[in-house]
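For reference, the structure is listed below as structure tokens.
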Amino acid sequence: MAHFAKVVDSKVVQVIVAEPEFFNTFVDSSPGAWIQTSYNTHGGVHANGGTPLRKNYAGIGYSYDAGRDAFIPQKPFASWTLNDIHGTKKQVIGLN
């Protein structure tokens, strides 16, 4: 089984578990796209030593950046910035 995220206007609105073949016959007329995500990928690293997929496992509310081909979590605080290598947010130290 695989995981897929429904992305609408670059935001993840749903995540499902399905066989990839499911999408060969699945008809979805709603806006957006289904993009595969890996439950074992976080911070650009695959937990089982495999190939990481799209930097992070998609969660509802995450952004999908097509240029980076990455699922990006929401900022926990406005001052945090994107760690482009890992696709995660990091705290900026020394901001006043």
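The figures that follow rest on heavy atoms only: side chains count, while hydrogens, waters and symmetry mates do not.
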Rounded to the nearest 0.5 angstrom, the CG-CG distance for Asn40 and Asn48 is 4.5 Å
If the condition is side chain to side chain donor-acceptor pair (under 3.5 Å), which residues does Thr37 pass it with, not counting sequence neighbours? none
For Ser38 and Leu53, the nearest pair of non-hydrogen atoms, with its separation, is CB-CB, 3.8 Å
Drop me the distance from Leu82's CG to Arg68's CZ, to the nearest 0.5 angstrom. 5.0 Å
Residues 9-22, side-chain donor-acceptor partners within the protein, below 3.5 Å, at least two apart:
| from | atom 1 | to | atom 2 | distance (Å) |
| --- | --- | --- | --- | --- |
| Lys11 | NZ | Ser63 | OG | 3.0 |

Please name the pair of heavy atoms, one in Tyr57 and one in Tyr62, separated by the smallest distance, quoted to 0.1 Å. O-CE2, 3.4 Å
Name the orientation class of the two ring planes belonging to Phe23 and Trp34 (parallel below 30°, tilted from 30 to 60°, perpendicular beyond 60°). tilted
Spacing of His3 atom NE2 and Tyr39 atom OH [to the nearest 0.5 Å]: 7.0 Å
For Phe71 and Asn56, the nearest pair of non-hydrogen atoms, with its separation, is O-ND2, 2.9 Å
Qualifying residues under ring-ring contact (aromatic ring centres under 6.0 Å, His included), relative to His42, sequence neighbours excluded: none
Under 4.5 Å between side-chain heavy atoms, counting indirect links through other Ile/Leu/Val/Met/Phe/Trp/Tyr residues: same cluster for Met1 and Phe4 or not? no
With sequence neighbours excluded, what pairs up with Tyr64 under the side chain to side chain donor-acceptor pair (under 3.5 Å) test? Asp69
Inspect the surroundings of CZ in Phe26 and state if more than 12 heavy atoms from other residues, nucleotides or ligands are less than 6.0 Å away. yes
Quick note, salt bridge (charged side-chain N to carboxylate O under 4.0 Å, His left out) partners involving residues 35-50, not counting sequence neighbours, are none
What salt bridge (charged side-chain N to carboxylate O under 4.0 Å, His left out) pairs are there with at least one residue in residues 27-53, not counting sequence neighbours? Lys6-Asp28
